[in-house]
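In what follows, chains carry the letters A, B, and so on, assigned in the order in which the sequence lines appear, proteins first and then strands, with residues in each chain numbered from 1. Because the structure is a prediction, the values reported are computed rather than measured.
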Amino acid sequence: MDKKLIKKLQRICGRENVFSRSLDLLLYSYDASMEKGSADVVVLPQTVSQIQELVRLAVAERIPVIARGSATNLSGGTIAPQGGMVIACTRMNRILEINTEDQIALVEPGVFNLDLQKALAEKGYFFAPDPASQKVSTLAGNAAMNAGGPHCLKYGVTVNHVTGLDFIGADGELYSIGGRTALTPGYDLTGIMNGSEGTFAIITRLVLRIMPLPEAVSTMLVSFADIDSAANAVSAIIARGIIPATLEFMDNLCIRTVVQSLQVDYPVDAAAVLIIEIDGPELSLASQNQEITAICRQHGASDVRLAKDEAERTALWAGRRGALGAMTRLKPSLVVFDGTVPRNRLPEALRTIHTICHELNIQYGTLLHAGDGNIHPILVYDERDADETARIRTGCEQIMKTCVDLGGTITGEHGVGMEKMAAMTLLFSPRDLEAMRKLKHVFDPENILNPGKIFPQLRVDFCL
Amino acid sequence: MLDNTYDKVISCSKCGFCQPTCPTYLVSGLEHEVARGRHQLVRAQAEGRVAMNKDIKDTLFQCLMCNACYSNCFPRIKTDEVIARARYDYITRYGQPQLQRYIFHYLLRHPEVLSRLLKLAAPVKNSGLSGLAQALRILGWFGKNLATAEQLLEKIPRKSLRELAAMRNWQPRKTRGKVAYFVGCGINFAQPEVGLATLELLTLRGFAVEILPNFCCGLPAYAYGDLDSVRWFAQQNSELLLATDADYIITDCGSCTSFLKEYHRFCDDPVQSERLQPILNKIVDLTHWLADTMDWANYKDDRQPYRVTWHDPCHLAHHLHEKASSRAVMRNIPNVSYTELPEADMCCGGAGSYNIAHSDISKKILARKLTNVVSANADILATACPACIMQLAWGVRQNGMPVRVMHLNQLVLENTVRD
Amino acid sequence: MKYNLLKLLGDLQSRHIYLDSDKLAPFTLRQTPPFALVEPDTVEAAVALLHACYREKGVVNVWGSGLHQNIGGLPSPFDIVLSSRGLNRLIEFSPENLTITAQTGMTLAELQQIVTASKLFAPLNPPNAGHATLGGLAAANSYGSFIQGFGSLRDFMLGGKAILADGSYIKFGGKTVKNVAGYDMCKLFIGSMGTLGLLTEVTLKLWPLPENIIVAKPVVKNLPDFENLAAILHHKALPLLAADCSFNLHNGDIDNLQLHYAFYTTAALDEGYLNYLRRLFPADTIWQKQGYKDYQAEPGSADNFFKTTPHDLVLEWIVPKSQLFTIIADLQQASNDLSGAIEFYGYPAAGIFYNKLKRSSFTEPGAFALALDKWRKKIHQAGGFLQVNNAPDDIKIVIEMWDLPPAVLAWQKKIKLEYDPTGVFAGGRFAGGI
Ligand SMILES: Cc1cc2nc3c(=O)[nH]c(=O)nc-3n(C[C@H](O)[C@H](O)[C@H](O)COP(=O)(O)OP(=O)(O)OC[C@H]3O[C@@H](n4cnc5c(N)ncnc54)[C@H](O)[C@@H]3O)c2cc1C
Ligand code: SF4
Ligand code: SF4
């Protein structure tokens, strides 16, 4: 990158916060997805006004800007396919305010989700979105991806819990939208900004809705001898009018892997388990537990185990939260597929995925946010094996197609990024995409912010 | 790459889960300073995707090797192993700094020389004159880090632990068994009082002590990637370990304990390695032993309890996964009221001599630790590693904090009834 | 008569074009009836209409039930009323998936009837909205007291279809709760007041119908009592369905303070819940247990409050929850400026309140404009917003009905310009004259 430009960046952020050696760029050329691409410079601003100046400079010089949190996204959201400047918000990680009277928290973009949860728990509160990556993903990353998590079944996804945002727009101005109230007048800019994957603006501050912790929580692990029964039990529970806080599914391979790597006490011979959690006032749990147990038994559950105390609960969750990572034990690389189907189509979806992977000789395990119909088949492979990698890509495409055919979508919570750009056409017509592109055009007419994402074909109107 | 390091780094799924555990990341927010970045660098190097130049030095050498990342890492990559190997490759290519060569190839292999030099240095240092390094004749090599090094070492004991220990007979009145005591360098040269407390406790609880005439465990050389020296130390010490007939082999330095237990990794001879295995299982950290023998303790119960908190040395917490013992020991002492330190198992930034080599980043890590110590509001900050003690005590001194930093065994001894 | 409009309508060749004045009369706004009423019963017909309008520079005003036509500023002129009532089919109801997809001309009552038959419900209860269309509700992001338990359409509209100004028929979102494929276009259309496109279809997430409702009517004499109770409930995670509060303010005095909380429960649990809730509420609270149906059938105070005449002004304000009582106290003082009574109605658990006052409470529009400014300032300081939902035309002329920070307004205009550059969808009523 141009030396003069680097100088300017250094003047904005300080020498020690600007990185452009080939080593630096290598280290910022990946995220948790399969994608790769190298930026031209990486900056770590510490203040909002620094971000503002960076964006202004980028606009003037027509350099792409890629916002970055912890880079744990699984879709290539923080990759710089067209080069440019990565703005990493990792040094802006203060919780600015927790206000239980207004039931909001005010945070900088780089705060880890779990750090906020811990601070809130001390005050008897929580922030509902709890992606499995909550230990490490940042709140701006969560908002930009509209992240989901197990508890979204009952409480909704990230967008339902963000009431306001500050951001630097592609014009280099600082804007404040939404606020501390449940609703704000006008078009729902805050809503639109969630899930925009860094293509509209750089988020510099978030106002989050927080909720009082439920009085009591109860978690159970239910084992099934076959996958269909487990999937049917999911539908039956919902049909009975019970919306648990979570309704998670793991198949046998996931169970075995997680047992091996984390020494958790899961039934290794079960074809599938459901992790069902309910919460609410203490008195409401027992009868709901009974009812859920009865439904599961009717659907052939072989074992229902209720966590007796907090330690057992934590242990149950450790298994679920660790499942994705544990799969890396099988082979060095993995891709997590993230489609969603209407709940009632789950059994069908699982059968088709099985057929696809079987035919392509792909090893995979399945995790589901079953209550939401969000399926995470985890396909493991070795990146160094070109043939296997190609089969994985084919498999992913076919699975995405299956989800769309069943009335679902190609991504439930991980975002489109680069990985699913092409698949957007499975779901959307050119007109639908054009309507989305209009929105992009409103926020970022020059296509400066995170270019080369979301939309199927690269726009050619941008060149360095 | 010769060993299986490549297989290890290739299993890094880039999930990024190491970020919130990694002290260097938490203070820098940089991909260079986290396990994911380090593994990707080592991998890129192996695949020839990055130019081998000195730019990579910081990423490789600023790792604390604390292995805190291991706890969040699904494929369970032991970062210290990857880093040690990468550092080995680095110094093989760019040469080992003079100071390190001198220390690992000469001083530590000739402890009697080191001992003599320190004796010369002691009066100078303790009288406040800036003459320590001069006495060691290595002034130039320390460069700008000299000041930090000087501050860290409050004073140099006039006698080493080995000398002090030799003045007494370590036989208990009633013998329950025999232990071999492995003398760590930090304890021997800088904190002999800790070693004496260990010896006293061992005898008080009925164990005959054999003081091993060991060399440095080799961890410092390992930390600088001098794997050849590591082999030498491991070889020498293994002979001693194999020779002893003690029931346990005990050290009071968590780092030594965990490193000794890994000696089989540095043994090229499969037969020797086989022989070593059962011996390595006899190595027990003092904290663990204190917990195991808790029932034989006779504690005082004579004062308003001190408020005590605990810093987990990385080698105990993240290498040996031993966190329960120390807490059990402290909770069992009537004079102690225990409070958990926030982020207790996060590195203090000491990390052997990391605080000297990378004093800037080390200071930031220490600051985070001290902030937590303040919030724990304790009278005593206990731990079980001489490097941690040195680092923490320095921080406490510098900031005038009303906290006593001590080794767990000193706390235990202080509260033990000695008939 | 505009030639372009005749050409436009001629091209359509649709059966559903009405030009006779008695048909058009009900759609009169600002004393002017539209040129034509078009009520397409197929999407294709609607596409054709909008496409023609785009080409021939016709302006349409989308009309559902008409419930919200008086909301907001003075409408700018329009040629054609596009009634969505013809597009009222059920597309798919999937009880197992807890979703329903319907065309937007369907009324809320029709939808609720379909889903309650399967023991489900859409937690949407704007006052007097039984006959409101889904499209109108989404466009205005209408809500009622259930917002406190379940959020607004923003939280449970999953997807839909719309026809944009240029006649392009698009779909967005989907039928699943989790969906991050591309931008969340639902959010764009919800609350856009029909200024960006014609919503033709929506998919809503449904909830199990509450088996039983426990209603609590605490007897509170004054605001401090109410504030104490609210504080007790505030930090608790309760199965709240709805809460509302109403009172009158006259010469600075508060009277007729009524509170009403509803919690959802199941037959198995309601005794337990009742005991649990009793401990939180004042001893003399009146308790009632109802099935959902009876609960819904009971005439609500909201319906009365929102039955307005053209002489009423309705203000809506939202403040951060901690500020609620401070603001009420401020308004209490401010009410001295006016001669008549102010009625209060609100959703305390969401920090949302409405005020109704009569046009006769002040002599000339300027007096109200001044008072409004004063209140707005207070509410802004508290971090909230105050908008005027209904007002007589003479007031509408002198005040800003909506309450948007300038920066937000600027974005808003950009969005409108991008999606509807030629102004096919009638404007005026929305913020900034959009
Ligand atoms: C093991 C594992 C489990 C996971 N589990 C879940 C899960 O359960 N649910 C889920 O939803 N996701 C999950 N994810 C994916 C990922 O954690 C989420 O997408 C998360 O929200 C990303 O946060 P981040 O801080 O890492 O953001 P990044 O990956 O750094 O960035 C994500 C996107 O946000 C944009 N962005 C970042 N910061 C800003 C900003 N300040 N302003 C504007 N845009 C910004 C980036 O440009 C990028 O497009 C998982 C990932 C892993 C590795
Ligand atoms: S060993 Fe410690 S410093 Fe090194 S990467 Fe792991 S956590 Fe970070
Ligand atoms: S936690 Fe382990 S696998 Fe994940 S990025 Fe860090 S080192 Fe790699």
Exercise: do Asp226(B) and Gln96(B) side chains pair donor with acceptor under 3.5 Å: yes
is_close_aromatic(Phe19(A), His32(B)), centroid dist under 6.0 Å: yes
Region of Leu27(A) that comes under 4.5 Å of a non-hydrogen atom in chain B: both
Residues Lys369(B) and Glu343(B) bridged, charged N to O under 4.0 Å: no
Audit row: His376(A), Tyr364(A), ring-ring contact (aromatic ring centres under 6.0 Å, His included) steps and yes/no: CA-CA 10 Å; His376(A) 288 328; Tyr364(A) 81 106; over 10 Å; no
Which portion of Ser333(A) sits near chain B, non-hydrogen atoms under 4.5 angstrom: neither
Distance-only polar pair, side chains of Lys78(B) and Asn67(B), donor-acceptor under 3.5 Å: no
Selection residues 52-71 of chain B - residue pairs positive for salt bridge (Lys or Arg N to Asp or Glu O under 4.0 Å), sequence neighbours left out: Arg21(A)-Asp55(B)
Among Leu324(A), Val136(A), Thr90(A), residue most engaged with chain B (heavy-atom pairs, under 4.5 Å): Val136(A)
Row check, Phe74(B) ring normal vs Arg329(A) NZ/CZ: under 6.0 Å, within 45°: no
Distance-only polar pair, side chains of Asn142(A) and Ser137(A), donor-acceptor under 3.5 Å: yes
Residue Asp24(A) versus chain B: region with a heavy atom under 4.5 Å: both
Residues Gln117(A) and Asn113(A): side-chain donor-acceptor under 3.5 angstrom: yes
Contact class of Ala318(A) relative to chain B, heavy atoms under 4.5 angstrom: neither
Val43(A) side chain near Val86(A) side chain, heavy-atom distance below 4.5 Å: no
Pairwise side-chain contact, Tyr266(A) with Arg256(A), heavy-atom cut-off 4.5 Å (strictly under): no
Worked verdict on Glu108(A) versus Arg205(A) for salt bridge (charged side-chain N to carboxylate O under 4.0 Å, His left out): CA-CA 5 Å; Glu108(A) 289 189 328; Arg205(A) 210 169 70 159; over 6 Å; no
NZ/Lys331(A): more than 12 non-hydrogen atoms of other groups inside 6.0 Å: yes
Between Ala88(A), Ser261(A), Ser133(A), Ser22(A), the one whose heavy-atom pairs under 4.5 Å with chain B are most numerous: Ser133(A)
Residues from residues 378-387 of chain A approaching chain B under 4.5 Å (heavy atoms): Glu383(A), Arg384(A)
Glu322(B) and Ser325(B) side chains, donor-acceptor separation under 3.5 Å: yes
Residue among Leu334(A), Val42(A), Asp115(A), Asp31(A) with most heavy-atom pairs under 4.5 Å to chain B: Asp31(A)
Members of residues 66-78 of chain A whose heavy atoms come closer than 4.5 Å to chain B: Arg68(A), Ser70(A), Ala71(A), Thr72(A)
Electrostatic pair Arg85(B)-Glu81(B), nearest N-O below 4.0 angstrom: no
Chain A-proximal positions within residues 12-27 of chain B [heavy-atom distance under 4.5 Å]: Ser13(B), Lys14(B), Cys15(B), Gly16(B), Phe17(B), Gln19(B), Pro20(B), Tyr25(B), Leu26(B)
Contacting region of Ser33(A) [heavy-atom separation from chain B under 4.5 Å]: backbone
Selection from Ala44(B), Cys73(B), Ala51(B), Gly29(B) maximising heavy-atom pairs under 4.5 Å formed with chain A: Gly29(B)
Cation-pi, Trp317(A) ring and Arg321(A) (6.0 angstrom, 45 degrees): yes
Lys/Arg cation over aromatic Phe61(B): Arg87(B), 6.0 Å, 45° cone: yes
Chain A interface, residue from Gln40(B), Arg49(B), Arg36(B) that has the most non-hydrogen pairs under 4.5 Å: Arg36(B)
Test side chain to side chain donor-acceptor pair (under 3.5 Å) applied to Tyr6(B) and Arg43(B), Glu47(B), Gln45(B), the passing residue: Glu47(B)
